[in-house]
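Treat the numbers as computed from the prediction; the structure is a model and nothing was measured. Atoms within each ligand, like the ligands themselves, are counted from 1 in listed order.
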Amino acid sequence: MFTHSSKNVFQVKLKKFKQFLQQMYGILSDLLKKLLRCLEIGLDLPFGTLLDQHTNINSESSVTALRLIHYPPILFEVPENCIRCGEHTDYGTVTLLFQDNIGGLEVKNRNNEWVQAHPVPGAILVNVGDMLQTLTSGRLVATPHRVLIPEEERLKRCSRKSVAFFVNPNKKVVLKPFGAPEDDKKSYKTSHEHLHSRLSSALILKP
Ligand SMILES: O=C(O)CCC(=O)C(=O)O
Ligand SMILES: [Fe+2]
(Lines give C-alpha, C1' and ligand atoms only; values in the text may rest on other atoms or scores of the structure.)
(Ligands and ions follow the chains in the order given, each with its own letter.)
Protein backbone atom coordinates (compact mmCIF):
# COMPACT_ATOMS: atom_id res chain seq x y z
CA MET A 1 0.00 0.00 0.00
CA PHE A 2 1.33 3.42 -0.94
CA THR A 3 0.59 6.42 1.26
CA HIS A 4 2.41 9.69 1.68
CA SER A 5 3.99 8.38 4.85
CA SER A 6 4.90 4.88 3.65
CA LYS A 7 8.64 5.58 3.84
CA ASN A 8 9.42 2.15 5.24
CA VAL A 9 7.91 0.17 2.36
CA PHE A 10 10.35 1.21 -0.31
CA GLN A 11 13.99 0.23 -0.22
CA VAL A 12 16.54 1.42 -2.75
CA LYS A 13 15.85 -1.42 -5.23
CA LEU A 14 12.28 -0.30 -5.70
CA LYS A 15 13.16 3.30 -6.47
CA LYS A 16 11.62 3.32 -9.97
CA PHE A 17 8.49 1.64 -8.70
CA LYS A 18 8.20 4.21 -5.95
CA GLN A 19 8.59 7.02 -8.49
CA PHE A 20 5.89 5.48 -10.65
CA LEU A 21 3.49 5.20 -7.71
CA GLN A 22 4.26 8.76 -6.60
CA GLN A 23 3.46 9.96 -10.10
CA MET A 24 0.26 7.94 -10.20
CA TYR A 25 -0.73 9.24 -6.76
CA GLY A 26 -0.18 12.81 -7.98
CA ILE A 27 -2.26 12.29 -11.14
CA LEU A 28 -5.05 10.70 -9.12
CA SER A 29 -5.10 13.50 -6.56
CA ASP A 30 -5.44 16.05 -9.41
CA LEU A 31 -8.28 13.99 -10.86
CA LEU A 32 -9.86 13.75 -7.42
CA LYS A 33 -10.00 17.53 -7.10
CA LYS A 34 -12.00 17.69 -10.34
CA LEU A 35 -14.28 14.92 -9.15
CA LEU A 36 -14.90 16.63 -5.80
CA ARG A 37 -15.72 19.85 -7.63
CA CYS A 38 -18.20 17.96 -9.86
CA LEU A 39 -19.80 16.48 -6.74
CA GLU A 40 -20.09 19.95 -5.19
CA ILE A 41 -21.86 21.17 -8.33
CA GLY A 42 -24.12 18.09 -8.52
CA LEU A 43 -25.03 18.38 -4.84
CA ASP A 44 -25.50 22.14 -5.05
CA LEU A 45 -22.86 22.76 -2.41
CA PRO A 46 -20.88 26.00 -2.12
CA PHE A 47 -17.51 26.03 -3.90
CA GLY A 48 -14.87 24.31 -1.78
CA THR A 49 -17.19 22.44 0.58
CA LEU A 50 -15.67 19.06 -0.29
CA LEU A 51 -12.35 20.32 -1.62
CA ASP A 52 -11.57 22.02 1.71
CA GLN A 53 -12.00 18.71 3.51
CA HIS A 54 -9.29 17.09 1.38
CA THR A 55 -6.50 19.66 1.49
CA ASN A 56 -4.02 17.22 3.05
CA ILE A 57 -4.17 14.74 0.19
CA ASN A 58 -0.53 15.40 -0.76
CA SER A 59 0.87 15.76 2.74
CA GLU A 60 2.44 13.32 5.18
CA SER A 61 -0.66 13.45 7.38
CA SER A 62 -2.95 12.21 4.61
CA VAL A 63 -4.72 8.92 5.19
CA THR A 64 -5.64 8.56 1.53
CA ALA A 65 -3.97 5.47 0.12
CA LEU A 66 -3.20 3.81 -3.20
CA ARG A 67 -3.47 0.06 -2.73
CA LEU A 68 -2.22 -2.52 -5.22
CA ILE A 69 -4.32 -5.64 -4.82
CA HIS A 70 -3.43 -9.14 -6.01
CA TYR A 71 -5.82 -12.09 -5.91
CA PRO A 72 -3.82 -15.30 -6.47
CA PRO A 73 -4.91 -17.79 -9.14
CA ILE A 74 -7.30 -20.52 -7.98
CA LEU A 75 -5.48 -23.75 -8.75
CA PHE A 76 -7.62 -26.16 -6.70
CA GLU A 77 -11.25 -26.90 -5.92
CA VAL A 78 -12.85 -24.27 -3.72
CA PRO A 79 -16.03 -24.73 -1.67
CA GLU A 80 -19.22 -23.31 -3.12
CA ASN A 81 -19.96 -19.74 -2.04
CA CYS A 82 -16.27 -19.04 -1.63
CA ILE A 83 -15.54 -15.49 -2.76
CA ARG A 84 -12.46 -13.36 -3.31
CA CYS A 85 -13.54 -10.32 -1.34
CA GLY A 86 -16.66 -10.25 0.82
CA GLU A 87 -19.44 -7.68 0.70
CA HIS A 88 -18.46 -4.34 2.19
CA THR A 89 -18.61 -0.61 1.68
CA ASP A 90 -15.43 1.45 1.51
CA TYR A 91 -14.78 3.71 4.47
CA GLY A 92 -13.85 7.06 3.00
CA THR A 93 -15.18 9.68 0.61
CA VAL A 94 -14.81 7.85 -2.68
CA THR A 95 -12.65 5.07 -4.08
CA LEU A 96 -11.26 5.22 -7.60
CA LEU A 97 -10.84 1.65 -8.75
CA PHE A 98 -8.92 0.21 -11.69
CA GLN A 99 -9.47 -3.45 -12.48
CA ASP A 100 -7.90 -5.82 -15.00
CA ASN A 101 -9.96 -7.91 -17.44
CA ILE A 102 -10.60 -10.92 -15.19
CA GLY A 103 -13.91 -9.66 -13.82
CA GLY A 104 -15.78 -10.74 -10.70
CA LEU A 105 -16.50 -7.32 -9.19
CA GLU A 106 -20.17 -6.80 -8.32
CA VAL A 107 -21.99 -3.77 -6.91
CA LYS A 108 -25.35 -3.78 -5.14
CA ASN A 109 -28.02 -1.52 -6.58
CA ARG A 110 -30.79 0.23 -4.64
CA ASN A 111 -33.11 -2.76 -5.21
CA ASN A 112 -30.63 -4.90 -3.30
CA GLU A 113 -29.61 -6.78 -6.44
CA TRP A 114 -26.04 -7.64 -7.30
CA VAL A 115 -24.96 -6.20 -10.64
CA GLN A 116 -21.75 -7.23 -12.39
CA ALA A 117 -19.33 -4.36 -12.81
CA HIS A 118 -17.72 -5.63 -16.00
CA PRO A 119 -14.25 -4.26 -16.63
CA VAL A 120 -14.39 -1.51 -19.24
CA PRO A 121 -11.00 -0.76 -20.84
CA GLY A 122 -9.78 2.68 -19.82
CA ALA A 123 -12.57 3.21 -17.28
CA ILE A 124 -12.16 4.07 -13.62
CA LEU A 125 -14.92 2.80 -11.35
CA VAL A 126 -15.95 5.26 -8.63
CA ASN A 127 -17.42 3.89 -5.40
CA VAL A 128 -19.08 6.20 -2.89
CA GLY A 129 -17.74 5.54 0.63
CA ASP A 130 -19.28 5.72 4.12
CA MET A 131 -18.04 9.21 4.90
CA LEU A 132 -19.56 10.76 1.77
CA GLN A 133 -22.83 9.03 2.61
CA THR A 134 -22.77 10.56 6.10
CA LEU A 135 -21.79 14.03 4.89
CA THR A 136 -24.58 14.05 2.29
CA SER A 137 -27.18 12.61 4.72
CA GLY A 138 -27.56 9.59 2.44
CA ARG A 139 -28.18 11.50 -0.80
CA LEU A 140 -25.18 9.57 -2.06
CA VAL A 141 -25.23 6.01 -0.80
CA ALA A 142 -22.06 4.05 -0.01
CA THR A 143 -21.90 1.29 -2.61
CA PRO A 144 -21.85 -2.28 -1.24
CA HIS A 145 -19.54 -4.35 -3.41
CA ARG A 146 -17.73 -7.69 -3.49
CA VAL A 147 -15.43 -9.71 -5.72
CA LEU A 148 -16.45 -13.20 -6.88
CA ILE A 149 -14.31 -16.00 -8.26
CA PRO A 150 -14.87 -16.32 -12.03
CA GLU A 151 -16.94 -19.31 -13.09
CA GLU A 152 -14.88 -19.93 -16.20
CA GLU A 153 -12.05 -22.39 -15.51
CA ARG A 154 -9.56 -20.50 -17.67
CA LEU A 155 -10.18 -17.23 -15.81
CA LYS A 156 -10.08 -18.98 -12.43
CA ARG A 157 -6.51 -20.00 -13.14
CA CYS A 158 -5.47 -16.40 -13.72
CA SER A 159 -4.53 -14.03 -10.96
CA ARG A 160 -6.66 -10.89 -10.67
CA LYS A 161 -5.16 -7.47 -10.08
CA SER A 162 -6.79 -4.21 -9.15
CA VAL A 163 -5.61 -0.82 -7.95
CA ALA A 164 -7.71 1.18 -5.50
CA PHE A 165 -7.25 4.83 -4.59
CA PHE A 166 -9.01 5.07 -1.23
CA VAL A 167 -9.81 8.74 -0.62
CA ASN A 168 -10.36 9.93 2.94
CA PRO A 169 -11.02 13.46 4.21
CA ASN A 170 -8.36 15.18 6.35
CA LYS A 171 -8.15 13.39 9.72
CA LYS A 172 -9.71 16.24 11.69
CA VAL A 173 -12.77 16.69 9.45
CA VAL A 174 -15.93 16.32 11.53
CA LEU A 175 -18.48 14.13 9.77
CA LYS A 176 -21.36 16.52 10.31
CA PRO A 177 -23.85 16.35 7.42
CA PHE A 178 -23.89 19.35 5.09
CA GLY A 179 -26.82 21.57 5.94
CA ALA A 180 -27.08 20.40 9.58
CA PRO A 181 -27.95 23.35 11.86
CA GLU A 182 -24.98 25.37 13.15
CA ASP A 183 -26.05 24.91 16.78
CA ASP A 184 -26.49 21.17 16.38
CA LYS A 185 -25.38 19.69 19.72
CA LYS A 186 -24.97 16.11 18.45
CA SER A 187 -21.50 14.69 18.68
CA TYR A 188 -20.09 13.61 15.35
CA LYS A 189 -17.11 11.38 14.66
CA THR A 190 -14.09 12.79 12.94
CA SER A 191 -12.80 11.23 9.74
CA HIS A 192 -9.92 9.73 11.74
CA GLU A 193 -12.26 8.20 14.34
CA HIS A 194 -14.47 6.65 11.66
CA LEU A 195 -11.51 5.21 9.77
CA HIS A 196 -9.95 3.87 12.94
CA SER A 197 -13.13 2.17 14.07
CA ARG A 198 -13.78 0.58 10.64
CA LEU A 199 -10.17 -0.61 10.33
CA SER A 200 -10.24 -1.99 13.90
CA SER A 201 -13.41 -3.95 13.26
CA ALA A 202 -11.91 -5.29 10.04
CA LEU A 203 -8.99 -6.40 12.29
CA ILE A 204 -6.48 -4.43 10.24
CA LEU A 205 -5.61 -2.36 13.32
CA LYS A 206 -5.24 -3.54 16.91
CA PRO A 207 -7.50 -1.52 19.27
O1 LIG B 1 -10.40 -5.65 -6.14
C2 LIG B 1 -11.42 -5.03 -6.36
O3 LIG B 1 -11.91 -4.91 -7.49
C4 LIG B 1 -12.17 -4.38 -5.22
C5 LIG B 1 -11.37 -4.30 -3.96
C6 LIG B 1 -12.13 -3.63 -2.86
O7 LIG B 1 -13.30 -3.46 -2.93
C8 LIG B 1 -11.41 -3.13 -1.69
O9 LIG B 1 -10.22 -3.43 -1.51
O10 LIG B 1 -12.02 -2.40 -0.88
FE1 LIG C 1 -13.92 -2.03 -1.49
Side-chain angles (χ1 to χ4, degrees), residues 1-6 9 17 20-21 24-25 27-29 31-32 35-36 39 54 57 62-75 78 81-110 112-136 138 140-152 154-169 171 175 189 191-205:
M1 178 145 77
F2 177 79
T3 67
H4 257 272
S5 54
S6 50
V9 181
F17 190 45
F20 171 80
L21 289 178
M24 183 168 178
Y25 189 103
I27 292 168
L28 288 175
S29 46
L31 176 64
L32 174 73
L35 178 62
L36 293 178
L39 287 168
H54 295 79
I57 199 102
S62 173
V63 277
T64 288
L66 186 57
R67 189 183 294 161
L68 311 182
I69 307 168
H70 174 245
Y71 301 86
I74 315 275
L75 303 171
V78 283
N81 302 329
C82 198
I83 56 180
R84 276 188 155 153
C85 173
E87 172 177 355
H88 66 283
T89 53
D90 292 343
Y91 314 151
T93 317
V94 286
T95 303
L96 307 188
L97 186 78
F98 300 80
Q99 52 172 333
D100 63 13
N101 59 359
I102 298 298
L105 179 65
E106 294 192 335
V107 294
K108 208 182 237 180
N109 68 17
R110 293 210 185 191
N112 249 3
E113 299 153 343
W114 285 111
V115 178
Q116 292 182 357
H118 292 295
V120 177
I124 305 172
L125 186 135
V126 180
N127 271 330
V128 171
D130 299 338
M131 298 202 221
L132 189 55
Q133 172 170 320
T134 303
L135 289 168
T136 61
L140 296 179
V141 180
T143 328
H145 54 284
R146 64 182 184 182
V147 184
L148 301 186
I149 295 169
E151 277 174 19
E152 207 184 306
R154 183 185 60 86
L155 291 178
K156 246 189 220 172
R157 277 184 244 108
C158 299
S159 64
R160 178 177 186 273
K161 295 182 199 72
S162 63
V163 178
F165 186 56
F166 293 105
V167 177
N168 293 294
K171 283 183 187 169
L175 301 174
K189 274 189 189 163
S191 159
H192 176 71
E193 284 163 348
H194 174 75
L195 196 60
H196 196 275
S197 84
R198 289 290 315 261
L199 290 172
S200 312
S201 40
L203 294 177
I204 295 172
L205 282 181

Inset, instruction - I would like to know whether Leu28 and Leu66 meet side chain to side chain contact (heavy atoms under 4.5 Å, CB included); could you show each step before the answer? - result: CA-CA 9 Å; Leu28 288 175; Leu66 186 57; 3.7 Å; yes

Legend entry - With sequence neighbours excluded, residues passing side chain to side chain contact (heavy atoms under 4.5 Å, CB included) with Asn101: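 Asn101 satisfies side chain to side chain contact (heavy atoms under 4.5 Å, CB included) with no other residue.
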
Is there any protein N/O under 3.5 Å from an N/O of ligand 1, and what does the full list of such pairs look like?
residue, atom, partner, partner atom, Å
ligand 1, 1 (O), Tyr71, OH, 2.5
ligand 1, 1 (O), Arg160, NH1, 2.9
ligand 1, 1 (O), Ser162, OG, 2.7
ligand 1, 3 (O), Arg160, NH1, 3.1
ligand 1, 3 (O), Arg160, NH2, 2.9
ligand 1, 7 (O), His88, NE2, 3.2
ligand 1, 7 (O), His145, NE2, 2.9
ligand 1, 10 (O), His88, NE2, 3.0
ligand 1, 10 (O), Asp90, OD1, 3.1

Legend entry - Verdict with supporting geometry, Lys108 and Glu87, salt bridge (charged side-chain N to carboxylate O under 4.0 Å, His left out): CA-CA 9 Å; Lys108 208 182 237 180; Glu87 172 177 355; 3.2 Å; yes

Inset, instruction - Determine yes or no for a side-chain-to-main-chain donor-acceptor pair under 3.5 angstrom, with Asp90 supplying the side chain and Gly92 the backbone. - result: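 Not a single qualifying donor-acceptor pair exists.
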
Legend entry - Proximal protein heteroatoms (N, O or S) of the Fe ion (ligand 2), under 2.8 Å: His88 NE2, Asp90 OD1, His145 NE2

Inset, instruction - Carefully, step by step, assess Thr89 and Gln133 under the rule side chain to side chain contact (heavy atoms under 4.5 Å, CB included). - result: CA-CA 11 Å; Thr89 53; Gln133 172 170 320; over 6 Å; no

Legend entry - Atom of Asn168, atom of Tyr91 and distance for their closest heavy-atom approach: OD1-C, 4.3 Å

Legend entry - Nearest non-hydrogen partners of Gly103 and Arg160, listed with the distance: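 Distance-wise, the nearest heavy atoms are O-NE, 3.2 Å.
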
Legend entry - ring pair (Phe, Tyr, Trp, His ring centres under 6.0 Å) involving His54 - partner list, sequence neighbours excluded: none

Inset, instruction - Mind checking the CZ-OH spacing from Phe165 to Tyr25? Nearest 0.5 Å is all I need. - result: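 It comes to 5.0 Å.
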
